[in-house]
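Below, chain A is the first sequence line, B the second, and so on; all start at residue 1.
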Amino acid sequence: MSAFAKFRISELVSGTILDTQVAVQGWVRNKRESKNVVFISLNDGSTIQNLQVVGDPVHLGETLLRKINSGASLTVEGTIKASQGKGQKVELEASQIKVDGEADPEKYPLQPKKHSLEFLREIAHLRPRSQTFGAVFRLRHAMIFATHQFFNERGFFNIHTPIITGSDAEGAGEMFRVSTLDGLKPPLDDEGEIDHSKDFFGKETNLTVSGQLEAEAFAQSMGLVYTFGPTFRAENSNTSRHLAEFWMIEPEMAYYDLNDNMGLAEDFLKYLVDYALKHYADDLEFLNDRGIREEHQKPQHQRQELNLIERLKLVSDYQFERINYTQAIDILKNSKPNKKGKFQFPIDGWGIDLQSEHERYLVEKCFKRPVIIYDYPKDIKAFYMRSNDDGRTVAAMDVLFPIIGEVIGGSQREERMGQLLARMKEMDIPEKDLWWYLDLRRFGSVPHSGFGLGFERLVQFVTGMTNIRDVIPFPRTPGNAEF
RNA sequence: UCCUCCUUAGCUCAGUUGGUUAGAGCGUCUGACUGUUAAUCAGUAGAUCCUUGGUUCGAGUCCAAGAGGAGGAGCCA
C-alpha cells in the first residue's frame, strides 16, 4: 500500500492535482452505498472538507465494505479525478482500500447528524472528529501560531515562566496547592500546623495564577517579552467563561506607557483576527453558518445583531473606542437602561466596578465596536498598577469585546519604589515574599507595561463558540477532570 | 457559591387532569433502488422514564432529598 505518494486532504480538495495516483489516510464520516457505486466521505482533519472516495462495490467486495463504517480509519489508494457529482471539485477513484481500524456502527457514538455540544463534551476524546470541533481546534492552532508570529515580528522574546510558584502574592484568586507531603499524615511543626519546610520545595507552593511578575523581570533585561502558558485558578466558578486550567498570553514591555500598551493590545487583537480571516476562511465560513442556524433557534429578542464574520470584521475594520473610567461612568449614568432602571446594578456613583451588563451596553449598544476603558479607581485594581497623579486612579486598561466581555486586562506597572511600597502596605501584601520584585525597582527601574489575554476567550470570540469548555481540548472545571 | 430551568431509546425530543401495552424523527440492522452528498423508500430491533425515598388503589407525570447538565450572576482571563 505504499506505491503512491501520500497526500493530506487539504492538498487535494482545491483541484490543482488531477489524474494522479495518490494514497490518502483518514476517518470515515459517512458511506453511501448502492449496487453499482459506493461513496465514502473521508476526513483526515487537515481541513473541514471531506474527500469523496468513489468505489466499485463488486471490485471492493462485500467483506471489506461491511467494515467501512462511520468512524473507521482507512488507507485509500487510487486516482484523483475531477468530480462527476456536485458538491466537490475532486474525488478519489479507489483502486484499493485498507481498513486500518474498524468502528462498530452499533457503538460508535458520532452519527452523520447534528449532535448537541453538551453530548459531544461527554465524548471529548472523539469530538475533534466532528466538523465543528475540527474547525474550532484548527482555529485554536491558528491563534497560537499567529501569536508567536506577531510577537516575533515585533522583536519580542517568548519566556517560559514557572508553573509551580512559591509566591502567593499575585492576588489573582484561589490557588491549587502543590505538595508531595502525605495527605493523611503530614509532618507537623511545634504549633501543630503543617510543616512546609519538609515539603519538596521546602516551602508552600502552588500552581501559577499568572506569569506577570516573573515576566517583568525579563522585560527589565530583554526589553520586550511575552509568556504563553497554562494558568490555574481554584475558584468555584461555574460559567461559560471560566476554566480551572486555561492558557494566558502576557506580554510585558520596558519603556511602554499605558498608551503604548493599549496600542499594542489593539494591534495584537487585529492581527489575530485578520490572520483567522485570511488563512482559515473555510473553517470560519462553516462556523458562521453554524452560528446563523443556532441563532434561528432563539427567540427574536435574544438574537445577535451581527453574525460571526461580521463580528470579526468589527474588530479588524474599526479603531477601538478608548474612554477612561470616569467617562464610562458618565455615559452609563445617563444611559437609557440606567434611567429606566433596566440595569440589575444601577450606576449611581464613581468608584464602583463595572458589571457584565454595563460592559455589554458600552460595547454592543453604545459604541458598537471594541472598547478600551482605562484609568480605573485604584481601590478596585491590583497593587502593581501605576498610580496616576490624580491620586485616585491607576493606569489600568481593559479591552472589552462584544458578547465575551473582557478579553484583555492590563496596566502600566508601578516602577517607583516609594509608590509601590505604599500600595503594598495599603493592600496588606507582604514585602518579604516579593523581595525580588522590589529589587527590580531598586536596580535600574524603568517605566513598563503589560497585559494579560485569556486565550480561550479569544478563541471563543474567533470561533463564535458560546461555552469556553468547547474551545479547549479537555476542559477542567469544578468537579470535572475526565480524560 | 447564589438564582432559574432541564434529565424519557445510541442521539434529538413529544408524552394531556396521575390510569391499561411509554411514542416520533434521526442513527443501527435487514431488504429495495439510485453518481450519491446528513441520499431515498419499506421493514426490524432498541427504554433502570437520572437515583433514592415518599404520597396514592395506581407515578414518566405529584412531593422531598441527592447526582448530573444548561443559562444567568458573583469571582475573573
Side-chain angles (χ1 to χ4, degrees), chain A residues 29-42 49-57 66 69-71 81 83-88 91 93 103-123 130-131 170-174 209-212 229-250 297-298 302 343-345 353-357 359-360 380-382 398-401 404-410 451-461 466-472 477-480 482:
Chain A
R29 283 284 166 81
N30 193 9
K31 178 178 66 169
R32 296 175 294 279
E33 213 174 344
S34 68
K35 202 176 281 178
N36 306 317
V37 64
V38 56
F39 299 98
I40 301 159
S41 296
L42 196 72
Q49 296 181 63
N50 299 329
L51 179 66
Q52 170 153 284
V53 175
V54 187
D56 175 357
R66 271 179 181 281
N69 297 305
S70 292
K81 295 244 168 111
S83 180
Q84 293 176 38
K86 283 175 185 162
Q88 60 278 318
E91 59 195 25
E93 219 174 83
D104 183 345
E106 296 272 10
K107 293 183 182 141
Y108 186 63
L110 286 172
Q111 301 160 12
K113 61 166 279 191
K114 188 189 179 318
H115 285 292
S116 68
L117 295 174
E118 292 81 13
F119 171 68
L120 291 168
R121 219 172 280 152
E122 289 167 16
I123 49 166
S130 68
Q131 286 188 291
E170 282 124 355
E174 292 295 310
V209 292
S210 165
Q212 181 201 315
T231 308
F232 308 88
R233 305 264 168 98
E235 301 285 348
N236 192 6
S237 296
N238 290 292
T239 82
S240 53
R241 303 182 306 282
H242 289 86
L243 292 165
E245 177 183 288
F246 64 100
W247 292 71
M248 195 153 60
I249 298 164
E250 295 177 290
Q297 312 274 318
K298 291 186 193 166
Q302 283 178 21
F343 283 143
Q344 197 189 333
F345 300 89
D353 209 352
L354 299 180
Q355 306 291 325
S356 300
E357 57 179 349
E359 297 178 348
R360 291 191 68 155
I380 59 172
K381 289 291 180 185
D398 285 353
V399 182
L400 310 179
F401 266 18
I404 58 166
E406 183 182 339
V407 69
I408 279 180
F451 60 79
L453 177 143
F455 185 63
E456 281 74 19
R457 291 201 182 159
L458 172 87
V459 179
Q460 270 190 279
F461 181 76
T466 50
N467 193 316
I468 200 165
R469 291 160 205 180
D470 295 331
V471 298
I472 189 164
T477 51
N480 195 342
E482 193 62 58

message = salt bridge (Lys or Arg N to Asp or Glu O under 4.0 Å) for A:R233 and A:E235? Distances and angles first, verdict last.
response = CA-CA 6 Å; A:R233 305 264 168 98; A:E235 301 285 348; over 6 Å; no
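- Applying the side chain to side chain donor-acceptor pair (under 3.5 Å) test to A:D56 and every residue at least two apart in sequence or in another chain returns nothing.
- In this structure, A:E250 has no salt bridge (Lys or Arg N to Asp or Glu O under 4.0 Å) partners at least two apart in sequence or on a different chain.
- Listed by chain and number, the residues in a side chain to side chain contact (heavy atoms under 4.5 Å, CB included) with A:N36 amount to none (sequence neighbours excluded).
- The base of B:G35 lies close enough to the side chain of A:E91 for a donor and an acceptor atom to sit less than 3.5 Å apart.
- Using a distance-only test at 3.5 Å, with no hydrogens or angles considered, no donor-acceptor pair links the side chain of A:R29 to the main chain of A:P112.
- At the phosphate of B:G71, neither OP1 nor OP2 sits under 4.0 Å from any side-chain N or O atom of A:T239.
- The base of B:G69 does not come close enough to the side chain of A:E118 for any donor and acceptor atom to sit less than 3.5 Å apart.
- Taking A:K81 as the reference, A:D19, A:T79, A:E93 meet the side chain to side chain contact (heavy atoms under 4.5 Å, CB included) condition, with sequence neighbours excluded.
- As judged by a 4.0 angstrom heavy-atom cut-off over every strand, A:V38 is placed among residues making no nucleic acid contact.
- No contact: A:E357 has no heavy atom under 4.0 Å from any strand.
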key: Per-nucleotide pairing state of RNA chain B [Watson-Crick or G-U, under 3.5 Å; [ ] pseudoknot-crossing; | other strand]   = (((((((..((((.....[...))))..((((.......))))......(((((..]....))))))))))))....
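- For the side chain to side chain donor-acceptor pair (under 3.5 Å) test, no residue two or more places apart in sequence or in another chain qualifies with A:E357.
- Side chain of A:T239 to main chain of A:R241: a donor-acceptor pair is present (N/O by atom type, distance under 3.5 Å, no hydrogens or angles).
- Counting to the nearest Å, the P atom of B:G68 and the CG atom of A:N480 are 10 Å from each other.
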ask   = For nucleotides 26-33 of chain B, read 5' to 3', which letter fits each nucleotide if B means a protein heavy atom sits under 4.0 Å from the base, S means only the sugar-phosphate is that close, and - means neither?
value = BSSSS--S
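- When the side-chain nitrogen and oxygen atoms of A:R469 are compared with OP1 and OP2 of B:G69, none of them lie within a distance under 4.0 Å.
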Enumerate the protein-to-nucleotides 5-9 of chain B contacts in which both atoms are nitrogen or oxygen and the separation is below 3.5 Å.
none

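- In this entry the distance linking CD1 of A:I123 with P of B:C11 reads 9 Å, nearest Å.
- Partners of A:Q460 by side chain to side chain donor-acceptor pair (under 3.5 Å), not counting sequence neighbours: none found.
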Would you tabulate the nitrogen or oxygen pairs shorter than 3.5 Å linking the protein to nucleotides 40-42 of chain B?
none

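- Listed pair A:Q52 / B:U37 fails the phosphate criterion, with no side-chain N or O lying under 4.0 Å from OP1 or OP2.
- By the side chain to side chain donor-acceptor pair (under 3.5 Å) test, A:T477 pairs with no residue at all, sequence neighbours left out.
- No contact: A:Q131 has no heavy atom under 4.0 Å from any strand.
- For a distance-only test at 3.5 Å, the side chain of A:N50 fails to qualify as a donor-acceptor partner of the base of B:U37.
- Residues forming a salt bridge (Lys or Arg N to Asp or Glu O under 4.0 Å) with A:R66 (at least two apart in sequence, or on another chain): A:E62.
- When every heavy atom of A:R32 is checked against every heavy atom of A:Q52, the shortest pair comes out as NH2-OE1, 3.1 Å.
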